[in-house]
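Below is one structure, written out as structure tokens, with a few remarks after it.
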Amino acid sequence: MDLILVGILMGIGGTFAMDVLAWTQSNLGVAPFPNWAMPGRWAVHVTRGTLFHEAIAEAEEVPNELTIGWLFHYAVGIAYGLVFIAIAGAGWLAAPGFVPVWIFSLITIAAGWFLLQPGMGLGWAASKTPSPWKVRGLGLLAHTVFGLGMWVVALLA
């Protein structure tokens with residue numbers, strides 16, 4: 001299978017696995033399901049020149065921000081899938097090991113901690129949230145599941 005297609009599918013699979021985890025956590029009362037409208041709003045405001053907000057919920061609403069947020073969420077996952085497969089290459093894909101994709105998926109949390117969260121007014125690594133260490137721990141778990149999803153897709157490719 002073409003490496004680009006595999007990278008796209010890995011990103012979709014990893015993101016879907018992350019969403020299944022979020023849905024499960026929401027149903028168990030562990031954490032609320034993500035409101036993808038806020039990252040959608042943030043992404044649109046970034047294109048308008050505002051990267052950092054005091055509170056994204058107080059920023060001007062944008063049309064279709066929930067849909068944009070979901071598309072943004074999956075686009076980022078696909079981008080990560082493509083970056084990983086570009087780094088790992090066909091050799092890794094011939095015998096996909098979990099550890100490399102897991103390490104990569106944990107590294108990707110840096111974008112959330114140091115760009116998205118502060119950009120939306122949540123502070124560096126969720127430092128302005130009521131339970132920063134819980135948010136960080138759940139984020140690491142979510143990115144581990146993202147890596148698992150990418151790995152399973154690679155195994156099936």
Side-chain angles (χ1 to χ4, degrees), residues 1-28 30-49 51-52 56 62-120 122 124-126 129 133-157:
M1 190 181 296
D2 179 67
L3 284 180
I4 293 173
L5 179 58
V6 171
I8 290 169
L9 293 174
M10 285 175 64
I12 291 169
T15 305
F16 180 75
M18 185 184 270
D19 289 338
V20 169
L21 173 67
W23 178 83
T24 303
Q25 290 172 330
S26 175
N27 285 318
L28 294 175
V30 174
F33 193 79
N35 177 4
W36 290 108
M38 294 302 99
R41 183 180 297 181
W42 177 78
V44 171
H45 281 276
V46 168
T47 67
R48 296 176 180 170
L51 184 60
F52 293 100
I56 194 64
V62 298
N64 304 307
E65 61 190 13
L66 179 59
T67 300
I68 294 166
W70 275 102
L71 292 172
F72 177 70
H73 174 51
Y74 273 82
V76 169
I78 289 167
Y80 286 156
L82 290 168
V83 168
F84 178 77
I85 206 69
I87 293 168
W92 176 84
L93 194 56
F98 176 66
V99 172
V101 74
W102 180 48
I103 291 169
F104 176 81
S105 70
L106 291 178
I107 291 169
T108 64
I109 202 166
W113 283 356
F114 304 116
L115 180 61
L116 180 64
Q117 290 173 352
M120 295 196 318
L122 302 174
W124 303 103
T129 64
W133 284 105
K134 180 180 179 183
V135 174
R136 294 169 190 150
L138 290 174
L140 288 168
L141 175 60
H143 280 252
T144 294
V145 169
F146 175 73
L148 277 169
M150 291 205 322
W151 181 58
V152 168
V153 170
L155 289 172
L156 297 172

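Along the sequence shown, residues carry numbers from 1.
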Discussion item. Looking at His143 and Ser105, would you say the former's side chain and the latter's main chain have a donor-acceptor pair under 3.5 Å?
Written reply: yes
Practice prompt. Would you mind reporting whether Gln25 and Leu141 have side-chain heavy atoms less than 4.5 Å apart?
Written response: yes
Item to complete: Find the distance between CD1 (Ile103) and OG1 (Thr144) and round it off to the nearest 0.5 Å.
Response: 11.0 Å
Response to the item:
When every non-hydrogen atom of Gly11 is compared with those of Phe146, the smallest separation belongs to O-CE1, 3.9 Å
Worksheet item: Closest approach of Ala157 and Leu93, non-hydrogen atoms and distance?
Response: CB-CD1, 4.5 Å
Practice prompt. Anything under 30° is parallel, anything over 60° is perpendicular, the rest tilted; go ahead and classify Trp102 against Phe98.
Written response: parallel
Worksheet, complete the sentence: Rounded to the nearest 0.5 Å, the CG atom of Leu122 sits from the CE atom of Met38 at a distance of 11.0 Å
Worksheet item: What class does the angle between the rings of Phe104 and Tyr80 fall in, given that below 30° is parallel, 30 to 60° is tilted and above 60° is perpendicular?
Response: perpendicular
Worksheet entry | Between CG on residue Leu116 and CZ on residue Phe114, distance to nearest 0.5 Å | 12.5 Å
Worksheet, complete the sentence: Closest non-hydrogen contact found for Pro118 with Gly112 is CD-O, 3.9 Å
Worksheet entry | Heavy-atom pair with the smallest gap, counting every atom of Leu138 and Ala31 | CD1-CB, 3.8 Å
Worksheet item: Hey, does Val44 have a side-chain heavy atom less than 4.5 Å from the side chain of Glu65?
Response: no
Fill in: Residue pair Val62 / Arg41: nearest heavy atoms and the distance that separates them
CG2-CA, 4.0 Å
Worksheet item: Checking Asp2 side chain against Leu5 main chain: does a donor-acceptor pair fall under 3.5 Å?
Response: yes
Fill in: Of Ile4, Val6, Val101, the residue whose pairing with Ile85 passes side chain to side chain contact (heavy atoms under 4.5 Å, CB included)
Val6
Worksheet, complete the sentence: Nearest heavy-atom approach of Ala43 to Phe72 is CB-CD1, 4.0 Å
Discussion item. Using 0.5 Å steps for rounding, measure from the CE atom of Met150 to the OG1 atom of Thr108.
Written reply: 7.5 Å
Worksheet item: Going from CG on Leu115 to CE on Met120, what distance comes out if it is rounded to the nearest 0.5 angstrom?
Response: 10.0 Å
Worksheet entry | Derivation and outcome, side-chain contact (heavy atoms from CB on, under 4.5 Å), residues Asp19 and Tyr74 | CA-CA 10 Å; Asp19 289 338; Tyr74 273 82; 2.6 Å; yes
Worksheet item: Just how far is it from atom CD1 of Ile87 to atom CG of Leu82, taken to the nearest 0.5 Å?
Response: 11.0 Å
Discussion item. Using a 3.5 Å distance criterion without hydrogens, assess whether the side chain of Trp70 forms a donor-acceptor pair with backbone atoms of Ala37.
Written reply: no
